[in-house]
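These values consider heavy atoms only, across backbone and side chains, with no hydrogens, waters or symmetry-generated copies. Just so you know, these numbers come straight off a predicted model, no measurement behind them.
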Amino acid sequence: MHVPDGFLDAPTSVATGVVAATAVGIALGRARRELDDRTAPMAGLVAAFVFAVQMLNFPVAAGTSGHLLGGALAAVLVGPWTAVLCLSTVFIVQALLFADGGITALGTNITLMGLVTVLVGYLVFLAARAVLPKRLASVPLAAGLGALVSVPVAALGFVGLYAVGGTTDVDLGLVASAMLGVHTLIGIGEAVITFLAVGSLVAVRPDLVHGARPFLQRRELTILGPDDGLDGSGTLDEQGTGAEPSTSQEASA
Amino acid sequence: MGAGHGHALHFHGHSAVHRAPAHLKVLALVSFVLVVVATPNHAYPVFAGYAAVLLGIAALAHVPLTYLLPRLVVEVPFVVFALLLPFLSQGDPVQVLGVTVSQQGLVAAFGLLAKGTIGVLASLLLAATTEASALLLGLQRLRVPAQLVQIMSFMVRYLEVVTDELRRMHVARESRGFRARDPRQWPVLARTLGALFIRTYERGERVHLAMLARGYDGTIPAAALAGPTGEASHGHVGHGHQAHVASETRPHPGRAAREVGA
């Protein structure tokens, strides 16, 4: 849920706005390393994907449903800095064109749901991937663990901001326990769905999953002549990273 | 392809508010809501004044209240929180309708509701009176990094394409008898997300190749941001070189369709 206007006082809102602007600035530079000159179209399309992800409702029980925040999912799929950029773009467009989330709370929303979920999710993902067996099958599991931790940590971040700049004097312990309780449940849902979604992607297009790249073997392109039969003799080094050669590499060549 | 043809919340019109430069509207929105947020909770007449200002702007823009009010539902979840505040807050107990609640909590709940509602209403007015393309140009004029504006323009341009794709997948699932009732159906829905990601990513690669083929050099001229109608681009296409590049990378509706089908 997006933080609306008036939840946090003006100084805190401005401070989180500065944090968010700095983070987006850094992400702009780093994302170019993850995407090179494809940054604008790819980040834009992935941002549209994240927006769509937040539209897909998952039924929970008794008629209620929830949706994915998508921070950890985006980090594993496209890399952390591109993900920060995409989620920030989503929150800016939602605030300006959809009146969703307060305009003064934009910095807070970007910081908590764009920056904290992505970075925490990705760090936990990296740690889990390092510990788990070095196989493709570990990637969805690590992604799920990242999602599981990222949501309650973002909720704790909100409690921290609330302690500094909250506009009401509700008992902090009450806020903390309520936020943590609810968001641990949300985190479990986020983890299961992230695990399943990354699993389905790793099964068919592992080359598109940023977090799975270390486990992809470089394959040699084998060219069979008419007389070669099945044990092709001529081999060429090709920079394909997955089952299919990536079109982008052809384009930049 | 929604570019240049308004978006979900856009209310078509030609009032002074619609014509006002987008960068001024964004600045006005941010400073207005900041002032609202900084107002003490117990300054009741001031909030009435804020509401009057917004209603005045809505009247000036010819946006009817029947259009704005139903769209306030965005804030429903947090209204629930505000209504709980009088019971959760610490402070002097007072009797309201025979129920003992905290007086500070009551004031805080009023402040939250007033600030939140005024904030949503102000944002709604911006969205209702500003085309997406004009907004992007306004952000560029406010010195938002060009790269970020580019990313936003691609997101806005392809938002409907991607969400329509999701909707078609939904129709396809339902027409095969699938109903999402409880978490047992999550694997199917998660695979939908996986498939949507593949389609979106590959579309992004095709769009990038189509841009390269049209001479994309890392920058997008202002005229292209303005979209096919080019309404907001007066004064930006005058420069010879820029105008040339604009005609190369300008997203013509038919051309965009070819990019999609590439």
Side-chain angles (χ1 to χ4, degrees), chain A residues 1 4-7 9-10 13-14 24-25 28 37-49 51-53 55-61 68 77 85 89-90 92-93 95-100 102-104 167-171 174 192-193 196-197 199-201 204-205 208 247-248 251, chain B residues 7-9 29-30 33-34 37-38 74-75 77-78 85 88-90 104 108 111-112 115-116 119-120 123-124 126-127 132 135 145 147-148 150-152 154-156 158-159 162-163 166 180-182 185-187 189-191 193-194 196-198 200-201 203-205 207-209 211-212 218:
Chain A
M1 189 185 106
D5 291 310
F7 234 85
D9 62 12
S13 302
V14 172
V24 171
L28 272 173
D37 69 331
R38 297 179 300 154
T39 304
M42 292 314 298
L45 265 293
V46 173
F49 167 74
F51 187 92
V53 163
M55 276 176 55
L56 185 65
N57 276 317
F58 285 80
V60 180
L68 216 56
L77 292 186
L85 208 51
T89 309
V90 169
I92 297 172
V93 170
L96 289 176
L97 289 183
F98 294 86
D100 197 1
I103 187 82
T104 58
T167 49
T168 53
D169 55 352
V170 181
D171 180 29
L174 199 66
V192 173
I193 296 163
L196 291 169
S200 77
L201 267 166
V204 286
R205 286 296 298 275
L208 292 191
T247 43
S248 62
Chain B
H7 48 90
L9 285 181
L29 172 70
V30 173
V33 182
L34 260 185
V37 170
V74 196
E75 61 165 348
F78 110 97
L85 267 184
L88 298 176
S89 293
Q90 302 139 328
Q104 278 88 341
L112 259 190
K115 290 173 181 176
V120 175
S123 304
L124 273 177
L126 174 80
L135 184 77
Q147 186 90 30
L148 190 61
Q150 271 191 41
I151 295 172
M152 286 174 64
F154 276 102
M155 179 194 163
V156 169
Y158 284 95
L159 198 55
V162 175
T163 50
L166 188 65
R181 283 196 199 86
D182 57 63
Q185 276 92 48
W186 282 9
L189 295 174
R191 274 201 292 280
L193 287 185
L196 185 69
F197 179 75
I198 294 175
T200 311
Y201 198 92
R203 187 188 301 282
E205 290 182 331
V207 169
H208 176 244
L209 289 180
M211 287 161 64
L212 286 182

Worked verdict on Leu189(B) versus Asn57(A) for side-chain contact (heavy atoms from CB on, under 4.5 Å): CA-CA 9 Å; Leu189(B) 295 174; Asn57(A) 276 317; over 6 Å; no
Does the side chain of [X] reach to within under 4.5 Å of the side chain of [Y], using non-hydrogen atoms?
X: Phe58(A); Y: Leu193(B); result: yes
X: Leu126(B); Y: Leu96(A); result: yes
X: Leu112(B); Y: Phe7(A); result: yes

Looking at every heavy atom in both [X] and [Y], which two are closest together, and how far apart are they?
X: Ala52(A); Y: Leu196(B); value: CB-CD2, 3.8 Å
X: Phe154(B); Y: Gly44(A); value: CB-CA, 3.8 Å
X: Met42(A); Y: Glu205(B); value: SD-N, 3.6 Å

From [atom1] ([X]) to [atom2] ([Y]), nearest 0.5 Å:
X: Leu196(A); Y: Trp186(B); atom1: CG; atom2: CH2; value: 8.5 Å
X: Met152(B); Y: Leu97(A); atom1: CE; atom2: CG; value: 7.0 Å
X: Leu56(A); Y: Thr163(B); atom1: CG; atom2: OG1; value: 12.0 Å
X: Leu28(A); Y: Gln150(B); atom1: CG; atom2: CD; value: 10.5 Å

Top contributor to chain A interface from Leu29(B), Val162(B), Ile151(B), Val33(B) [non-hydrogen pairs under 4.5 Å]: Ile151(B)
Heavy-atom pairs under 4.5 Å with chain A, option from Pro187(B), Pro145(B), Gly111(B) with the top count: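 It is Pro187(B).
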Under 4.5 Å from any heavy atom of chain A - which part of Leu135(B): side chain
Leu166(B), part contacting chain A, at a heavy-atom distance under 4.5 Å: side chain
Report which part of [X] has an atom under 4.5 Å of a heavy atom belonging to chain B: side chain, backbone, both, or neither.
X: Val90(A); result: both
X: Leu174(A); result: side chain
X: Leu201(A); result: side chain

Among the listed options Ser200(A), Pro41(A), Ala10(A), Ala197(A), the residue most often paired with chain B at heavy-atom distances under 4.5 Å: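 The candidate making the most pairs under 4.5 Å is Pro41(A).
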Qualifying residues under ring-ring contact (aromatic ring centres under 6.0 Å, His included), relative to Phe51(A), sequence neighbours excluded: Phe98(A)
For Asp182(B), side chain to side chain donor-acceptor pair (under 3.5 Å) partners two or more places apart: Arg184(B)
